[in-house]
Amino acid sequence: MIQIRQTFAPLALTVLLVTGCAKPPTEQIEAAEKAIKEAQQSGAATYTAEEYAKLEGTLAALKKEVGDQDVKFALFRDYGKAEQLAASAKADGERVKTEAAKKKEEAKAAALQAQQVAQESVKSTLDLVAKAPVGKDRAALEAIKNDVDALKASLNQVQTALDKEDYPAAQTQAKAIHDKSQAVSTEIQNALAKVGKGKPSSSKKK
Amino acid sequence: MAYGQRNRANVTWSICTILLAGCVQAVPPDLVTAIDAIDHDLIALRAPEAAPEEYAHFVRQWVLLKTRVQSDDDLIRWPWESNDLEDELRRLHDEGGSTVARLNDRQAFQRRTAESKLVRLEERLQLIESQVESINGRIVLGEKPVQFDLLIKQARSFFEQKDYERSIQAAESASHTLLAQTAVLTRELGRYTDDKRITHWQTMAKQTVEWSRVHQSTAIVVSKADRVLTLYKNGRKVLSYPVRLGFNGIREKQFQGDGATPEGRYRVTAKRGQGQTQFYRALALDYPNAQDRRRFELAKKSGRIASAKSIGGQIEIHGVENELMAQTLGCVMLDNPHMEALYERVSPGTPVTIVGALTGQNSVALALAQLEDRKEET
């Protein structure tokens with residue numbers, strides 16, 4: 001009986017130690033980190049800043065939890081909470097990635113639409129300038145031409161902001177161009193209305 | 001016996017009730033709700049962008065503590081037991097609360113800063129527009145007024161979106177553009193404030209008047225800055241009328257089509273009555289004269305004027321073809337009744353001196369001084 005006890009006791013202890021030594025959920029942690037990195041790459045830090053901050057918070061909590069368990073005596077380690085956090089970070093990372101990408105696309109679409117409206121507006125202003133008569137009657141429109149040229153050049157700035165993926169700046173710039181273009185069009189129409197009341201004159205050397 | 005048993009049971013129940021009543025939850029739910037509310041406030045205040053480090057610290061703590069709150073949810077404790085979790089939550093609540101207060105203050109400050117910048121710039125926009133319009137100098141500024149206007153509009157858009165930081169950035173860019181505009185005006189029109197140049201113009205005008213006196217004849221002096229034409233007879237002022245210039249009239253004429261009105265000593269070369277001009281009546285001038293040609297050739301040689309450019313010509317003092325038109329391409333334009341009065345009094349050979357300004361207090365100098373004075377305000 002004593003012999004049996006002497007044989008089985010170390011074995012039982014070894015089995016207990018081996019099965020009792022919990023390991024950190026490395027793969028889940030890596031998966032969570034990957035999901036967070038992808039969320040960041042999809043623009044989460046800009047378009048879903050608060051969600052992204054929470055993701056980083058979860059990752060920090062996860063690392064702390066793993067650290068806390070790592071320093072415990074092997075038999076008392078429990079990575080259950082770390083696993084939960086890793087799973088939660090991964091799921092949230094994927095959700096935030098999708099959400100950020102969606103918001104970024106929405107911002108891009110809004111900026112592109114504003115750009116198109118601004119382009120059309122500037123084009124119609126340019127068409128109005130082209131309709132203006134040549135010669136002396138055109139004098140009143142000369143100053144306005146500068147404004148239209150400036151509006152045309154400003155459209156490049158909208159494109160630059162779009163290229164930099166700074167959609168809020170692109171959108172506000174495009175809106176400003178559209179508003180100014182409308183104002184310039186009104187000014188040209190008023191000038192043309194004045195010119196229209198007199199007959200166009202021939203071009204003269206000045 | 002029965003009484004004793006009942007009594008013991010009552011005492012036991014009383015102790016259990018007291019003990020159970022004394023048990024408290026691990027964390028007060030109100031505290032968790034309050035921290036959640038702080039988190040929402042921080043998000044509303046754009047804390048992730050406005051105070052990224054503080055917000056990251058808050059979130060890290062909050063996620064950690066929330067995890068502990070969730071795992072300790074089923075626990076109860078005795079009132080006399082210490083509760084580290086609650087203490088840490090209270091600390092986080094206080095820290096978060098003070099961040100909210102700080103961000104609120106910062107946002108209010110940014111809002112005030114952005115708003116006052118915008119209001120000042122919008123006022124400046126109105127001022128510069130009216131001043132530039134008054135001296136007919138819009139074309140001098142090229143594309144800058146539009147750039148300035150667009151930046152102010154952009155700053156206003158960001159302000160309305162409560163993005164005060166970007167609103168301030170756009171307002172600052174607008175401010176730089178405004179300074180550039182003032183610099184362009186000063187560079188291009190600075191001669192209107194130049195004492196030497198003004199003395200030169202005054203001398204030219206005096207000599208013209210003197211010529212009229214000596215020759216007992218008529219002579220005309222035009223001041224571009226004040227847009228006034230004065231007719232002298234026998235050295236005395238006979239009449240004075242307002243004039244309109246070319247669309248770029250305030251500048252010195254350099255080449256054909258620049259819309260500028262030339263400065264110099266000219267003579268009336270021909271009188272064109274009704275049927276001979278499309279502009280009611282006209283007095284043709286001898287622009288370009290020898291001095292203009294010399295200046296033009298010199299400018300071409302030095303590269304200030306492109307070699308393909310021509311000097312231009314057919315500068316006149318004339319009436320108005322279309323009453324609604326405000327400008328000419330470089331001539332001096334008078335209202336028709338004034339033109340008629342002038343036409344009757346002038347003959348070919350009459351000297352016409354066109355100068356930039358006759359006093360240091362001319363309209364261009366005053367407009368520039370006003371713009372310069374208020375330059376620092378933005």
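Letters go in sequence order (proteins before strands), and every chain restarts at 1.
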Do Gln173(A) and Leu150(B) have side chains that get closer than 4.5 Å, going by heavy atoms?
no
Atom group of [X] that falls short of 4.5 Å from chain B, counting heavy atoms:
X	value
Leu85(A)	side chain
Asp166(A)	side chain
Lys64(A)	side chain
Ala153(A)	side chain
Lys54(A)	both

Taking [atom1] in [X] as the centre, count heavy atoms belonging to other residues, nucleotides or ligands within less than 6.0 Å. Is the count above 12?
X	atom1	answer
Lys72(A)	NZ	yes
Lys66(B)	NZ	yes
Lys152(A)	NZ	no
Glu133(B)	CD	no
Lys104(A)	NZ	yes
Gln276(B)	CD	yes

Rounded distance [0.5 Å steps], [atom1] in [X] versus [atom2] in [Y]:
X	Y	atom1	atom2	answer
Thr172(A)	Arg156(B)	OG1	CZ	14.0 Å
Lys180(A)	Lys153(B)	NZ	NZ	5.5 Å
Glu143(B)	Asn146(A)	CD	CG	6.5 Å
Gln147(B)	Gln157(A)	CD	CD	7.0 Å

Minimum heavy-atom separation for [X] and [Y], please, with both atom names.
X	Y	result
Ala53(A)	Tyr55(B)	CB-CE2, 3.2 Å
Lys175(A)	Ser157(B)	CD-OG, 4.1 Å
Val63(B)	Ala61(A)	CG1-CB, 3.8 Å

Shorter than 4.5 Å, heavy atoms on both sides: which option in Leu151(B), Asp39(B), Leu42(B) has the most such pairs with chain A?
Asp39(B)
Could you name the residues of residues 161-174 of chain B that have a heavy atom within less than 4.5 Å of a heavy atom in chain A?
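Hits under 4.5 Å: Gln161(B), Arg166(B).
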So which of Asp179(A), Ile177(A), Asp147(A), Leu151(A) has the largest heavy-atom pair count under 4.5 angstrom toward chain B?
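Of Asp179(A), Ile177(A), Asp147(A), Leu151(A), Asp147(A) has the most heavy-atom pairs under 4.5 Å with chain B.
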